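None of the values given here were measured: they were computed from a predicted structure. The chains referred to below are lettered A, B, ... by the order of the sequence lines, with proteins before strands, and numbering in each begins at 1.
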Amino acid sequence: MLDIQALRHDLTAVAARLATRGFVLDTARFEQLEGERKTIQTRTQELQAKRNTTSKQIGAAKAKGEDVAAIMAEVAHLGDELKQLEAKLEQVQHELNAFLSVIPNAPHATVPHGKSELDNQEVRKWGVPPKFTFEARDHVSIGEGLGGLDFETAARISGARFSLLKGPLARLHRALAQFMLDTHTDRHGYMETYVPYLVNADSMRGTGQLPKFEEDLFKVPRQSGDGRQENFYLIPTAEVPVTNMVRDEIVQLEKLPLKYVAHTPCFRSEAGSYGKDTRGMIRQHQFDKVELVQIVQPEKSYEGLEELLGHAEAILQKLGLPYRVVKLCTGDMGFSAALTYDIEVWLPAQNTYREISSCSNFEAFQARRMQARFRNAQGKPELVHTLNGSGLAVGRTLVAILENNQQADGSVKVPEVLRPYMGGMETIKVS
RNA sequence: GGAGAGGUGGCAGAGUGGUCGAAUGUACCUGACUCGAAAUCAGGCGUAGGUGUAAGCCUACCGUGGGUUCGAAUCCCACCCUCUCCGCCA
């Protein structure tokens, strides 16, 4: 959520910044809603003040044993008008809130302007894509050849966009998650967390998935005590439960930055991605991810983002996987982000770099929605900044290892850092 | 699933219809005392919003939502959450 004060004081400037990411701010609508809000709120508060003083008079008069009939009559009619106004005020405030909650974050000044991923800016490259003396196969072919990747059975069990891993590949998947968690906790200073995979709507609103992107989520209906229906949502990323750990909290300054890591499954409906990445485990309804989250002071958030990006990169470097870092342009950034770096890993079979991590600074956008604050040096509550990034997407990392480490005979070399997690296994061989 | 207790400011904890945004303690801030600190004493100290150049003034908020009333932290209803005991259970 943007700061409503910024919209009140500098509407055109805010609209201009949003325009760079392709969002048209309906300024007329905002001004109209704001105008209504102002009039109604002022009038409501006047009446409330009158009611309060009169009620106090009644109390005082009664205490002295005086007759209060006259004052009572004076205030009798107030109730109805006040009730109407209060209802109207609530409605306008709801509309304002709905209006605000679908406005994306304003891009940071250094974000390159652009419309699509074609306009993203390459920041750096690491590693050299491997050269093969044979024709590189894709991970599906490799995995099936190893007998450890079975999409047919996964489809029977669930449907399209699910995968089933067996034997050494299932273990490799687990090894990757363990390795990432260990690295981030032991070397990068994150606290490991285990979090709920089903969350409530407030949490989804807090990080920005709701109200705008409900169709991307898996919704789990539940009956509440009075028979009303509420929903749980399957998390699309650990960002949601982990960041919401500080929702409605005021964190002590000394506790910052908070650095959390979580390994969770992620569930995405992938609505609107029909026909995209239909082969293999690149785009799934369910995939595992190790997520890094930092809760920081505003002045330190960009510093924190660079650090977090480095932590994600460290995993790829230790695994020996070639990658590049790109800075997303205004048109390609997610709804809540002010600045995003994507890390893209080299996939030989596709002869290109594919996203394996996304690291963003949300500034106060999520914090404002969550009312996540810290007590600043002056002792006043102030919104925190939130950061997160994948460190990394486990399924895609597995894909990258299969494709980059494939051998002529169909076997796959296990990266050295993973071998302790694989019982010393150096190569995954065709069984 | 059954029975009970409870949710009030950073924390603890009073408050069962009227000047209660809320006693008191504690934490924190400022000042005094001190070479300095501790202790002690004095004062200050919630959040959000409106309005105003400002000082200030006003409004809302005592788990959430609704109701009763001129007036609700306090009474009524529903829900959520926490705790204890019993049952069940991975």
Side-chain angles (χ1 to χ4, degrees), chain A residues 1-9 30-31 33-97 99-101 194 196-206 220-233 241 244-256 258 295 364 367-384:
Chain A
M1 200 126 78
L2 294 178
D3 185 1
I4 193 167
Q5 302 293 354
L7 276 96
R8 281 178 190 151
H9 296 138
F30 177 75
E31 280 173 332
L33 280 173
E34 250 300 281
E36 272 179 50
R37 192 223 91 230
K38 204 164 174 171
T39 321
I40 299 170
Q41 181 166 348
T42 310
R43 177 74 185 137
T44 306
Q45 294 189 348
E46 273 171 19
L47 287 188
Q48 284 171 331
K50 188 170 181 195
R51 178 201 61 196
N52 289 348
T53 50
T54 317
S55 290
K56 277 179 187 173
Q57 284 169 17
I58 294 174
K62 269 195 171 172
K64 284 189 231 157
E66 291 168 8
D67 179 38
V68 293
I71 326 178
M72 296 271 277
E74 191 186 317
V75 84
H77 70 282
L78 263 184
D80 288 339
E81 190 183 351
L82 196 52
K83 229 174 224 172
Q84 276 182 20
L85 272 173
E86 279 172 346
K88 214 167 167 191
L89 181 62
E90 201 189 322
Q91 192 205 322
V92 172
Q93 269 164 345
H94 266 114
E95 282 176 44
L96 252 179
N97 204 41
F99 180 85
L100 287 174
S101 60
Y194 170 79
Y197 303 158
L198 286 166
V199 302
N200 57 35
D202 282 341
S203 292
M204 286 295 186
R205 271 189 286 272
V220 181
R222 64 185 293 225
Q223 209 89 282
S224 79
D226 56 352
R228 263 201 310 256
Q229 186 186 301
E230 281 175 19
N231 294 304
F232 277 136
Y233 294 87
N244 273 279
M245 283 168 71
V246 292
R247 172 152 57 87
D248 294 322
E249 290 281 334
I250 299 176
V251 183
Q252 294 304 312
L253 180 60
E254 312 80 61
K255 300 254 174 80
L256 297 178
L258 294 170
I295 311 294
R368 190 170 294 110
R369 292 171 160 247
M370 292 190 299
Q371 281 304 296
R373 296 170 293 178
F374 73 104
R375 214 167 273 286
N376 65 22
Q378 289 73 45
K380 289 288 165 206
E382 187 181 333
L383 295 170
V384 296

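For residues 50-58 of chain A, proximity to RNA chain B is found at A:Arg51, A:Asn52, A:Ser55, A:Ile58, defined as any non-hydrogen atom under 4.0 angstrom from a strand atom.
B:A48 atom C1' lies 12 Å from atom CZ of A:Arg8, rounded to whole Å. Here B:U51 presents its C1' atom at 17 Å from CD1 of A:Ile40, a figure rounded to the nearest Å. With rounding to whole Å, A:Leu253 atom CG is found 15 Å from B:C29 atom C1'. B:U19 atom C1' lies 16 Å from atom NZ of A:Lys62, rounded to whole Å. One interatomic measurement links the two molecules: CD of A:Gln371 to P of B:A48, which rounds to 8 Å at whole-angstrom precision. For the pair A:Asp248 CG and B:C61 P, the computed distance is 18 Å after rounding to whole Å. At whole-Å resolution of the value, CG in A:Asn200 and P in B:C79 are 19 Å apart. Look at CD on A:Gln45: it is 14 Å from C1' on B:G52, rounded to the nearest Å.
Counting any heavy atom pair closer than 4.0 Å across all strands shown, A:Arg373 reaches sugar-phosphate atoms only and no base atom. Using a 4.0 Å heavy-atom cutoff across all strands shown, A:Gln5 reaches sugar-phosphate atoms only and no base atom.
Residue whose closest nucleotide on RNA chain B sits further toward the 5' end, between A:Glu46 and A:Lys380: A:Lys380. Sequence order on RNA chain B of the closest nucleotides to A:Glu86 and A:Thr42 puts A:Thr42 first from the 5' end.
In RNA chain B, stems built from 3 or more consecutive Watson-Crick or G-U wobble pairs, each with both distances under 3.5 Å, span B:1-7 with B:80-86, B:10-12 with B:24-26, B:28-32 with B:40-44, B:46-51 with B:56-61, B:63-67 with B:75-79.
Nucleotides B:G87 and B:A3 have their P atoms positioned 16 Å apart, rounded to a whole Å. Comparing B:C62 with B:A48, their C1' atoms sit 15 Å apart, to the nearest whole Å. When the P atom is used for both B:C76 and B:G6, the distance is 13 Å, rounded to whole Å. Only the C1' atoms considered, B:A73 is 15 Å distant from B:U64, to the nearest whole Å. Taking atom P in both B:U40 and B:C81, the straight-line distance is 44 Å, to the nearest Å. Taking atom C1' in both B:C20 and B:G71, the straight-line distance is 13 Å, to the nearest Å. For the P atom pair drawn from B:C77 and B:G21, the interatomic distance equals 26 Å after rounding to whole Å. Here, B:U26 and B:G9 have their C1' atoms 12 Å apart, quoted to the whole Å.
Rounded to the nearest 0.5 angstrom, A:Leu33 CG and A:Phe99 CZ are separated by 7.0 Å. Separating the CG atom in A:Leu85 from the NZ atom in A:Lys83 is a distance of 13.0 Å, to the nearest 0.5 Å.
Salt bridge A:Glu81/A:Arg43: present, at least one basic N to carboxylate O contact under 4.0 Å.
In summary, the side chains of A:Ser55 and A:Asn52 do not present any donor paired with an acceptor at a separation below 3.5 Å, with no hydrogens or angles considered.
Taking only side-chain atoms of A:Arg37, from C-beta outward, the nucleotide of B:U51, B:C70, B:U47 with the closest atom is B:U51.
Under the side chain to side chain contact (heavy atoms under 4.5 Å, CB included) criterion, A:Asn97 pairs with A:Met1, not counting sequence neighbours.
Contact annotation: A:Gln48 does not reach the phosphate of B:G49 (side-chain N/O to OP1 or OP2, under 4.0 Å). Taking 4.0 angstrom as the limit, A:Lys83 places a side-chain polar atom (N or O) nearer than this to OP1 or OP2 of B:U68. Contact annotation: A:Lys38 side-chain N/O to B:U51 OP1/OP2 distance is under 4.0 Å.
A distance-only check finds no donor-acceptor pair linking the side chain of A:Asn376 to the backbone of A:Glu382 [under 3.5 Å].
Taking 4.5 Å as the limit, every side-chain heavy atom of A:Leu253 sits out of range of all side-chain heavy atoms of A:Arg375. Between A:Met370 and A:Val246, the closest side-chain pair of non-hydrogen atoms falls below 4.5 Å. Inter-residue side-chain proximity for A:Glu95 and A:Arg37 is flagged as unmet; no heavy-atom pair is nearer than 4.5 Å. Between A:Ile4 and A:Glu34 there is a side-chain heavy-atom pair separated by less than 4.5 Å.
Taking each heavy atom of A:Asp202 and A:Asn244 in turn, the nearest pair found is O-OD1, 4.3 Å.
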